[in-house]
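First comes the structure, then the notes that go with it.
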Amino acid sequence: MKSVPFLDLGAVNGLIRNELDAAFRRVLDSGWFIMGPELEAFEAEFAEYSGVKHCIGVGNGLEALHLLLRAYGVGPGDEVIVPSNTFIATWLAVSECGATPVAVEPNPLTHNIEAAAIEQAITPRTRAIMPVHLYGQPADMDPINALAGKHGLVVIEDAAQAQGALYKGRRAGSLGNAAGTSFYPGKNLGALGDGGAVLTSDDKIADEVRRLRNYGSQVKYQHDVAGYNSRLDELQAAFLRVKLSVLDGWNDRRREIAGRYTRLLEGKGFELPFVPDYADPVWHLFVIRHARRDALRDHLAKHGVNTVIHYPIPPHRQACYAAYAGQQFPLAEQLAAEVLSLPMSPVMSDEEVDRVVDVLACFDPRA
Ligand SMILES: *Cc1c(COP(=O)(O)O)cnc(C)c1O
């Protein structure tokens, strides 16, 4: 029997092959590859889509978060609150500015951090809160913003997995003071290489990030701050304009697939994703939980169903964060041991969903 891929990016991009080809030729013929009309157009289009004043294209998602923290003046001695169960880039962005990531355990149902737990972690050194809209589901942002207001903190969304997701009708990326997002090829809005963006309606922060991404310069060969080279190139911007035009349709297909999984798997012994009333997720990943996750994953693989674990080792257990080895984040560790991401992509067919469900149904949890 044919196997079910986790994500077939060749097939996904094949749906818009002609449009991507045309974008490639347009940039090739223009002879202009960095900081040109494609980037400007994409930035305007994605800012409007996201419901913010400014989009600033940068090199990748990690840089988007890092440049934002720099723009807010976060540095050595400062603390930034991050989830204990996120992709490591959220933490690395904080470490890159010399600040300290302070981890907070998530809500066990939504896998996102919440205001009550965040408040416990606030100290006089706290400067910012970085909620992650994990798996494409927005965190509960209103209480987080209220808490930040009370303590004079900045809220920076890690929106890398949530392009198009809605929180009470508002887009992820427009829900805090600013957001960083990623166009890594596997993301819902994925480029054909690395890419990322900062989203904000704050004019000053937008200017600062524009400067930082381009050697700290706004006027050519005049350098006000020691900046970086972190730009979204013309080719990726042109590809992303094509991708943005199909994003809503592709997210809708992800919603259908998630709905089908949920209907067919309910009551079958797997912990399914929990969606609160305030959230309209875009299902970057469809993540289930099971106490015997590794056996389940082997069973699926044996029957041709490819899955991925997001993420197998939490940041505080990584060698690069050895200083955190003494801290306890039991929920992050339990999630790392129990989560499993099922195949999910806009090209997945109903028949493939049904195959995954059938293979899951014949898993013997005692085996
Ligand atoms: C992908 C991702 C990033 C980093 O994006 P890159 O473009 O790969 O640097 C950051 N945070 C989260 C939650 C991500 O999923």
Next on the checklist: Tell me every residue that passes side chain to side chain contact (heavy atoms under 4.5 Å, CB included) with Ala165, counting only those two or more places apart in sequence or in another chain.
Outcome noted: Pro138, Ala162, Ala172, Val282
Checklist entry - Is it true that the side chains of Asn188 and Asn251 contain a donor and an acceptor less than 3.5 Å apart? => result yes
Under 3.5 Å, sequence neighbours excluded: what are the donor-acceptor pairs made by side chains of residues 68-78?
residue	atom	partner	partner atom	Å
Arg70	NH1	Tyr228	OH	2.7
Asp78	OD2	Gly75	N	2.9
Asp78	OD2	Arg127	NH1	3.2

Item to check | Presence of salt bridge, Glu352 and Arg355, under 4.0 angstrom | outcome: no
Item to check | Which atom of Ala160 lies closest to which atom of Asp158, heavy atoms considered | outcome: N-OD1, 3.1 Å
Checklist entry - Is any side-chain N of the basic residue among Lys53 and Asp202 closer than 4.0 Å to the acidic one's carboxylate O? => result no
Item to check | Given Phe270, Phe286, Trp283, the one that forms side-chain contact (heavy atoms from CB on, under 4.5 Å) with Tyr261 | outcome: Phe286
Item to check | Criterion salt bridge (charged side-chain N to carboxylate O under 4.0 Å, His left out) on Lys150 and Glu119, from CA distance to verdict | outcome: CA-CA 10 Å; Lys150 196 169 103 186; Glu119 185 155 33; 2.9 Å; yes
Next on the checklist: Under 4.5 Å between side-chain heavy atoms, counting indirect links through other Ile/Leu/Val/Met/Phe/Trp/Tyr residues: same cluster for Leu175 and Leu166 or not?
Outcome noted: no
Item to check | Heavy-atom closest contact (Glu271 atom, Pro108 atom, distance) | outcome: OE2-O, 4.2 Å
Checklist entry - Is a side-chain N or O of Tyr184 found less than 3.5 angstrom from the main chain of Gly195, in a donor-acceptor match? => result no
Item to check | Phe183 and Phe42 aromatic ring geometry - parallel, tilted or perpendicular at 30°/60° bounds | outcome: perpendicular
Item to check | Salt-bridge criterion met for Arg241 and Glu40 (N-O under 4.0 Å) | outcome: no
Checklist entry - At their closest point, which heavy atom of Val339 faces which heavy atom of His310, and how far apart are they? => result CG2-O, 3.6 Å
Checklist outcome for this item: Looking only at heavy atoms, the pair that brings Ala197 and Val58 closest together is N-CG2, 3.8 Å
Checklist entry - Do you know which two heavy atoms are closest between Ala121 and Val104, and how far apart they sit? => result CB-CG2, 3.6 Å
Next on the checklist: Which label fits Tyr321 and Tyr324: parallel for a plane angle under 30°, tilted from 30 to 60°, or perpendicular past 60°?
Outcome noted: perpendicular
Checklist entry - Got a salt bridge between Arg253 and Asp350, using NZ or NE/NH1/NH2 to carboxylate O under 4.0 Å? => result yes
Item to check | Ion pair Arg293/Glu338, N-O distance below 4.0 Å | outcome: no
Next on the checklist: Please check: side-chain N/O of Arg213 versus main-chain N/O of Gly57, any donor-acceptor pairing under 3.5 Å?
Outcome noted: yes
Next on the checklist: Tell me whether Asp364 is salt-bridged to Arg366, with the criterion being a basic N under 4.0 Å from an acidic carboxylate O.
Outcome noted: yes
Checklist entry - Taking NZ, NE, NH1 and NH2 as the nitrogens, is one of them in Arg210 or Asp207 under 4.0 Å from a carboxylate oxygen of the other? => result yes
Checklist entry - Any ion pair linking Arg255 and Asp248 (charged N to carboxylate O, less than 4.0 Å)? => result no
Next on the checklist: Using a 6.0 Å distance limit plus a 45 degree cone around the ring axis, check whether Arg171 lies over the aromatic ring of Tyr49.
Outcome noted: yes
